[in-house]
Amino acid sequence: MPTVHELLDANLHEVFGNRDADARRAAAERIYSPDVVLVDPEGENDGREALLAKAAELLGQVPDSFVFAADGPHYASEDTGALAWALGPAGAPQVRGIDVVTVADGRITQVRTFFLSA
């Protein structure tokens, strides 16, 4: 069973940072519960399909040179974790945020995303 630390990394890099739709879907099936909930400043998205659509939409809105990178340490307990991230050209982030995940039975059941406000 993956650790919360591993799930945080997979959420960031294998799903939201992955431009290969087939690989992104395979990762989502592995790391999220079927009824996963994604909550961000734009609203709530319920289920894997909605989460995958959100990831595809996000990646479609940014240049190919934009990448996600961890922007600090992982914080994790047995069922909750948080990871700050940055998005932009390597070494020059344009957006920063943090993902907080809830985990049950080795899969992410909820992702809450917060953006750094100015």
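With hydrogens and angles disregarded, a donor-acceptor distance shorter than 3.5 Å links the side chain of R48 to the backbone of Y32.
Looking at residues two or more places apart in sequence or on another chain, you find no side-chain hydrogen bond (donor to acceptor under 3.5 Å, both in side chains) involving D20. A search for ring pair (Phe, Tyr, Trp, His ring centres under 6.0 Å) contacts involving F66 returns nothing, not counting sequence neighbours. Every residue two or more places apart in sequence or in another chain that forms a salt bridge (Lys or Arg N to Asp or Glu O under 4.0 Å) with D71 is listed here: R96. With sequence neighbours excluded, no residue forms a side-chain hydrogen bond (donor to acceptor under 3.5 Å, both in side chains) with N18. Among residues two or more places apart in sequence or in another chain, the side-chain contact (heavy atoms from CB on, under 4.5 Å) test is passed with E42 by D40, K54. Take Q61 and apply the side-chain contact (heavy atoms from CB on, under 4.5 Å) test, not counting sequence neighbours, and it matches E57. Partners of L52 by side-chain contact (heavy atoms from CB on, under 4.5 Å), not counting sequence neighbours, listed by chain and number: R24, R25, A28, E49.
D9 CG to W85 CH2: the interatomic distance, rounded to the nearest 0.5 Å, is 15.0 Å.
Side-chain contact check for V4 versus E78: every heavy-atom pair is 4.5 Å or farther apart. Residues P89 and Q94 have side chains in contact (heavy-atom distance under 4.5 Å, counting atoms from C-beta outward). A 4.5 Å side-chain heavy-atom check between T3 and L8 finds every atom pair outside the cut-off.
By the rule that hydrophobic residues join a cluster once side-chain heavy atoms approach within less than 4.5 Å of another member, L51 and F115 end up as members of one cluster. One hydrophobic cluster, built from ILVMFWY side chains closer than 4.5 Å, cannot hold both V39 and V15; they sit in different ones.
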Contacts under 3.5 angstrom, residues 104-113 side chains, donor-acceptor by atom type, not counting sequence neighbours:
| residue | atom | partner | partner atom | Å |
| --- | --- | --- | --- | --- |
| T109 | OG1 | T102 | O | 3.2 |
| T113 | OG1 | D99 | OD1 | 2.7 |

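Taking Ile, Leu, Val, Met, Phe, Trp and Tyr as members and joining any whose side-chain heavy atoms lie under 4.5 Å apart, directly or through other members, Y75 forms no hydrophobic cluster with any other residue. With side-chain heavy atoms closer than 4.5 Å counting as contact, directly or through intermediates, the hydrophobic cluster containing F114 also holds I98, V100.
Every pair passing ring pair (Phe, Tyr, Trp, His ring centres under 6.0 Å) that includes a residue from residues 2-25 is listed here, sequence neighbours excluded: H5-H74. For residues 36-64, there are no ring pair (Phe, Tyr, Trp, His ring centres under 6.0 Å) pairs, not counting sequence neighbours.
In this structure, A50 and N45 approach most closely via the heavy-atom pair CB-CB, 3.9 Å.
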- Task: Start with the C-alpha distance between L87 and V67, add both sets of side-chain angles, then the distance that settles side-chain contact (heavy atoms from CB on, under 4.5 Å), and finish with yes or no.
- Result: CA-CA 6 Å; L87 173 64; V67 295; 5.8 Å; no

